[in-house]
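Throughout, protein chains are lettered first and strands after them, A, B, ... in sequence-line order, and every chain is numbered starting at 1.
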2 protein chains.
Amino acid sequence: MKRTKSRATSFDVAALAGVSQSAVSRAFTPGSSIAEDKRAKVLEAARMLNYVPNSIASSLTTKRTNIIALILGNMHNPFYVHVLNEFSRRLQGLGRQILIFTVDPGSESDDAILRALQYQIDGVILTAAQLSTRMTSICHERGIPIVLFNRYIPGSDASGVRCDNVGGGRLIAEAFLAAGAKSFAMITGDPKGTTSQDRVRGFVERLMEEGVRRSEIEEVPGHSSYDGAASAALSLFAARSRPRPDALFGINDIMAMGAIDALRHRLGLRIPDDLMVGGFDDIPEARRAPYKLTTVRQPIDQMVARTLELMHLDEPDRPIERGIDLPLPSRLVWRGTVPVPPAFRAAAAEAAAADRPESG
Amino acid sequence: MKRTKSRATSFDVAALAGVSQSAVSRAFTPGSSIAEDKRAKVLEAARMLNYVPNSIASSLTTKRTNIIALILGNMHNPFYVHVLNEFSRRLQGLGRQILIFTVDPGSESDDAILRALQYQIDGVILTAAQLSTRMTSICHERGIPIVLFNRYIPGSDASGVRCDNVGGGRLIAEAFLAAGAKSFAMITGDPKGTTSQDRVRGFVERLMEEGVRRSEIEEVPGHSSYDGAASAALSLFAARSRPRPDALFGINDIMAMGAIDALRHRLGLRIPDDLMVGGFDDIPEARRAPYKLTTVRQPIDQMVARTLELMHLDEPDRPIERGIDLPLPSRLVWRGTVPVPPAFRAAAAEAAAADRPESG
DNA sequence: TTGAAAGCGCTAACAA
DNA sequence: TTGTTAGCGCTTTCAA
């Protein structure tokens with residue numbers, strides 16, 4: 001069978017309904033002035049012809065496509081999968097579509113943004129990668145809001161939403177200290193990203209307040225991946241002269257999980273008996289039986305909501321606010337990888353209760 | 001600062017470059033006839049004005065948007081995350097963009113497709129949900145290919161790519177038999193989906209060939225999720241009069257993982273000593289130390305490649321082929337959740353070697 | 001409330 | 001190889 005290529009246009013519908021083409025347009029535009037019976041006739045004709053309004057054509061005049069570009073870096077980190085899900089759910093609810101771009105983590109996102117711009121997207125959400133100031137200003141010149149998710153770029157005009165990473169790092173340090181840890185190590189993520197840097201900073205800062213010397217806190221890069229963290233952990237613990245650390249901070253959950261698996265199954269370490277481990281993000285996987293990871297929860301829902309607010313999708317003519325940095329509070333979730341000190345028993349019990357059903 | 005809303009058009013570029021507007025169009029159209037020096041002038045002017053061609057406008061005449069709609073159901077299953085990644089990588093390589101829609105697993109995808117149609121997408125990839133024949137014919141009428149990924153719908157005009165699920169189910173049965181299992185159980189997925197049905201069918205079929213009676217194969221629904229499978233497994237093993245099965249088939253990896261975790265950590269079962277477990281998909285998580293899941297590998301790369309081929313993106317006028325069902329071969333990956341019989345030692349060693357680095 | 005008509009930014013004949 | 005011109009399918013004045 002051949003393609004009929006029969007896409008009915010508003011003119012076809014108008015002809016069938018016996019009205020003008022503009023009437024058809026009005027019938028499909030909420031809040032435009034058209035008589036109810038006429039609208040009904042149009043809708044009926046449209047149904048008969050399988051007419052679907054052409055958003056591409058309408059955006060040519062309205063200057064709005066209702067498309068948002070979502071630029072994703074590391075999809076291998078489940079955190080971003082949940083972020084994508086949440087954005088998708090909400091944006092669809094707002095009648096917006098998502099044009100997706102995946103870029104290599106750590107690489108420039110300029111290319112992706114440029115391609116997005118060709119599609120006259122109404123906004124850009126960037127969850128990854130670097131952003132040049134040139135690209136930022138190109139977007140802003142055109143009135144296209146661009147907001148960074150889970151990161152900020154110092155000195156950038158782009159606004160961003162993230163959680164309080166420094167505070168979160170402190171929470172983990174606090175938990176380790178309360179559990180009696182004496183020597184510390186961490187597996188870090190992208191060294192160029194503020195997210196990893198801030199978590200490290202908060203963690204170190206808090207430890208130093210208790211008299212721990214920076215040189216005593218071991219640090220090894222885990223490349224933000226499960227496997228990277230697994231080898232990092234092994235290199236940290238395998239053969240060593242100095243005493244093993246008794247507390248390990250994985251800068252994100254997926255790395256903490258990689259470290260836990262490697263340490264347990266390759267080196268036979270018991271957690272938390274031999275080593276306590278803390279993570280960051282609180283991805284759903286962190287609750288699972290093999291991990292029961294004590295971690296810092298990022299308020300994804302809130303972060304997504306604030307991101308959308310920052311874009312002001314329904315006020316397209318509003319001047320774009322520059323360089324807003326919106327840090328949201330994070331909180332510690334006590335689970336099984338850090339021994340729970342008496343003072344935190346209640347919090348731990350609460351977390352355990354909340355963990356019962358995994359949403360998904 | 002206010003929005004300048006200054007999007008340069010091809011006319012602006014033409015004026016600055018001192019050429020006609022069509023020259024600008026040509027300068028940006030690969031393979032169109034334009035003098036090299038003229039093109040250079042145009043490009044230079046474009047750069048100065050931060051001009052980005054408006055694909056939305058061009059698609060009005062070309063009838064091609066280079067946008068593909070990707071409709072995703074269960075994003076909580078990592079399998080689909082990897083699928084998304086692969087589609088994104090390849091489609092971006094082909095100069096196509098992905099408009100993403102997430103729908104509730106099991107629900108109609110008609111809504112999403114209708115919204116996609118408004119954007120004049122060049123094709124639809126459906127990884128989830130039901131598809132009405134009405135929607136199929138609407139797409140086909142318009143010359144828009146729609147291809148089902150990892151599923152087929154009996155009697156549907158839509159084409160699809162999937163793996164040989166029946167054969168895969170047989171492979172797991174085969175492995176269980178070779179390992180000496182005598183009693184069997186399975187955790188099933190979406191009862192309306194052919195994917196789950198076929199895997200079950202192959203599994204059962206093979207067992208029955210060996211004289212196992214259908215009524216002896218226990219079956220419990222796991223709702224395609226980690227948590228669903230965890231409770232399913234518990235209900236299967238917790239309190240029971242008849243002897244426990246000694247082999248459990250999780251219709252997909254994420255359910256096999258949920259079952260393993262629950263059985264190990266809640267009931268203290270040892271795997272594979274007390275119970276052997278088989279999965280399906282071979283998601284990257286299946287290789288991880290806590291699981292080392294013996295499973296059936298779906299050839300994602302091939303499936304994605306064939307899906308794209310079926311869409312014939314570069315021959316938009318080609319008649320759409322109807323109802324093609326393309327089953328690709330699947331293969332067993334021996335790991336640690338099924339005791340490896342001597343005959344399969346080599347295969348198991350090979351799998352272990354291949355597992356070393358996780359891509360990601 | 002309605003219809004006619006002028007664009008939106010581009011591509012694609014067509015002539016030059 | 002060029003420029004001119006006529007649309008693509010819609011929204012949006014503007015008059016009626």
Side-chain angles (χ1 to χ4, degrees), chain A residues 5-43 45-46 49-67 117-122 142-143 316-317, chain B residues 5-43 45-46 49-67 117-122 142-143 316-317:
Chain A
K5 281 298 177 63
S6 73
R7 312 192 189 189
T9 73
S10 54
F11 281 94
D12 301 326
V13 176
L16 180 59
V19 300
S20 74
Q21 179 271 337
S22 14
V24 177
S25 173
R26 292 187 180 110
F28 282 93
T29 306
S32 68
S33 66
I34 181 173
E36 210 27 78
D37 59 324
K38 179 164 281 195
R39 147 175 278 133
K41 262 201 311 204
V42 169
L43 260 27
L49 296 174
N50 281 334
Y51 169 74
V52 176
N54 183 333
S55 317
I56 255 48
S58 75
S59 67
L60 209 50
T61 22
T62 60
K63 308 287 185 205
R64 321 220 54 229
T65 53
N66 290 326
I67 297 176
L117 285 177
Q118 300 190 195
Y119 285 87
Q120 315 299 115
I121 38 87
D122 292 344
R142 304 174 158 238
D317 294 324
Chain B
K5 282 296 175 66
S6 72
R7 312 193 189 188
T9 73
S10 54
F11 281 95
D12 302 327
V13 176
L16 180 59
V19 299
S20 76
Q21 179 271 337
S22 20
V24 177
S25 173
R26 291 187 179 110
F28 282 93
T29 307
S32 68
S33 65
I34 182 175
E36 210 28 78
D37 58 324
K38 180 164 281 194
R39 146 175 279 131
K41 260 202 312 202
V42 169
L43 261 27
L49 296 174
N50 281 335
Y51 168 75
V52 177
N54 183 334
S55 320
I56 255 44
S58 75
S59 68
L60 209 50
T61 22
T62 59
K63 309 287 186 202
R64 321 221 54 229
T65 52
N66 290 326
I67 296 176
L117 285 177
Q118 300 189 198
Y119 285 88
Q120 314 299 113
I121 38 85
D122 292 343
R142 306 172 159 241
D317 294 325

Nearest heavy atom decides the nucleotide; on that basis, is B:Ala57 or B:Lys38 closer to the 5' end of DNA chain D?
B:Lys38
Hey, which sits more toward the 5' end of DNA chain C by its nearest nucleotide, B:Gln21 or A:Gln21?
A:Gln21
Rounded to whole Å, how long is the line connecting atom CD of A:Gln120 with atom P of C:dC10?
8 Å
Send over the distance from A:Leu49 CG to D:dG9 C1', rounded to a whole Å.
15 Å
Verify the contact: side-chain N or O of B:Ser10 to OP1 or OP2 of C:dC10, cut-off strictly under 4.0 Å; return yes or no.
yes
Winner on side-chain proximity to A:Ser22, out of C:dA5, C:dG9, C:dG7, is C:dA5
It should be established whether B:Ser58 places a side-chain nitrogen or oxygen under 4.0 Å from OP1 or OP2 of nucleotide C:dC10.
no
Over how many whole Å does the gap from A:Arg26 atom CZ to D:dT11 atom P extend?
10 Å
Write down the distance between CD (A:Gln118) and P (C:dG9), rounded to a whole number of angstrom.
16 Å
For C:dT11 and B:Thr61 - does any side-chain N or O of the residue sit under 4.0 Å from the phosphate oxygens OP1/OP2?
no
Using only side-chain N and O atoms of A:Tyr119, determine if any of them is under 4.0 Å from OP1 or OP2 of C:dG9.
no
How many Å lie between CG on A:Asp37 and P on C:dT2, as a whole number?
7 Å
In whole Å, what is the span from the CZ atom of A:Phe28 to the C1' atom of D:dG9?
13 Å
For A:Arg142 and B:Arg7, indicate whether the former's side chain and the latter's backbone hold a donor-acceptor pair under 3.5 Å.
no
Taking only the side-chain nitrogens and oxygens of A:Lys63, find out if one of them lies under 4.0 Å from OP1 or OP2 of D:dC10.
no
A:Thr65 side-chain N/O to A:Gln120 backbone N/O, donor-acceptor pair under 3.5 Å:
yes
In this structure, is the centre-to-centre distance between the rings of B:Tyr51 and B:Phe28 below 6.0 Å?
yes
Can you figure out which of D:dT2, D:dT12, D:dG3 approaches the side chain of B:Ser33 most closely?
D:dT2
Closest approach to the side chain of A:Thr62, judged atom by atom: which nucleotide of D:dC10, D:dG3, D:dT11 is it?
D:dT11
Roughly, in whole Å, what's the span from CZ in A:Arg39 to P in C:dT2?
10 Å
Looking only at non-hydrogen atoms, find the nearest pair between A:Asn54 and B:Leu60 and report the distance.
ND2-CD1, 4.4 Å
Distance check needed: C:dG7 C1' versus A:Leu60 CG, whole Å only.
9 Å
Taking 4.0 Å as the cut-off, does a side-chain nitrogen or oxygen of B:Thr9 come that near to OP1 or OP2 on C:dG9?
no
Quick check: does any side chain N or O of B:Ser10 sit under 3.5 Å from a backbone N or O of B:Ser25, one acting as donor and the other as acceptor?
no
